[in-house]
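Numbers here are sequence positions counted from 1.
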Amino acid sequence: MNLSWFQKSLLTPNIFEDSKNLLGVCWFKNAQVEIINKVRELVPVLETCGLEVSEMRSDSPGTVIYEDSQQVVAVPQAALDSQGMYK
């Protein structure tokens, strides 16, 4: 597995530079089949390192705080208070 593919092909959002956004979860858009397949190739390596990996899908990932052509970053509803603000 050549990780440089990810550096060349995947946009890296800088949204996590602000600590209030650390509750955000990254989601790839369904149309990004090549990226999703490349990530799936990484799963056995990550699991060998003791990391648990699961694939999740959602039509409503939460409050979107970043979006580009490949992905969204969303804060899950459970992390928001009743006014839709970060807890």
Side-chain donor/acceptor of Gln71 to backbone N/O of Tyr66, under 3.5 Å: no
Residue pairs, two or more places apart or on separate chains, that pass salt bridge (charged side-chain N to carboxylate O under 4.0 Å, His left out) and touch residues 27-37: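 Passing the test, one end in residues 27-37: Lys29-Glu67.
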Single-linkage hydrophobic cluster Val75~Val72, side-chain heavy atoms < 4.5 angstrom: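 They do not share one cluster, since no chain of ILVMFWY contacts under 4.5 Å joins Val75 to Val72.
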Val39 reachable from Leu3 in the ILVMFWY side-chain graph, under 4.5 Å edges: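 Leu3 and Val39: one cluster.
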Partners meeting side chain to side chain donor-acceptor pair (under 3.5 Å) with Ser4 (sequence neighbours left out):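 Ser4 satisfies side chain to side chain donor-acceptor pair (under 3.5 Å) with Asn2 once adjacent residues are dropped.
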Test side chain to side chain donor-acceptor pair (under 3.5 Å) applied to Gln70 - qualifying residues, sequence neighbours left out: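 In terms of side chain to side chain donor-acceptor pair (under 3.5 Å), with neighbours along the sequence ignored, Gln70 is linked to no residue.
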Residues that Glu52 engages under salt bridge (Lys or Arg N to Asp or Glu O under 4.0 Å), provided they are two or more places apart: none
CG on Asn37 to CD on Gln32, rounded to 0.5 Å: 11.5 Å
Enclosure of Asn30 CG (heavy-atom neighbours >12, cutoff 6.0 Å):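 12 or below, so no.
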Heavy-atom pair of closest approach, residues [X] and [Y]:
{"X": "Trp27", "Y": "Met56", "result": "CZ3-O, 3.6 Å"}
{"X": "Val73", "Y": "Cys26", "result": "CG2-SG, 3.9 Å"}
{"X": "Val25", "Y": "Pro76", "result": "CG2-CG, 3.8 Å"}

side-chain contact (heavy atoms from CB on, under 4.5 Å) evaluation trace for Val53 with Leu42: CA-CA 10 Å; Val53 179; Leu42 279 178; over 6 Å; no
Contacts of Asp59 that satisfy side-chain contact (heavy atoms from CB on, under 4.5 Å) - sequence neighbours left out: none
Could you tabulate the donor-acceptor pairs under 3.5 Å formed by side-chain atoms of residues 7-15, not counting sequence neighbours?
| from | atom 1 | to | atom 2 | distance (Å) |
| --- | --- | --- | --- | --- |
| Ser9 | OG | Trp5 | O | 3.0 |
| Ser9 | OG | Trp5 | NE1 | 3.4 |

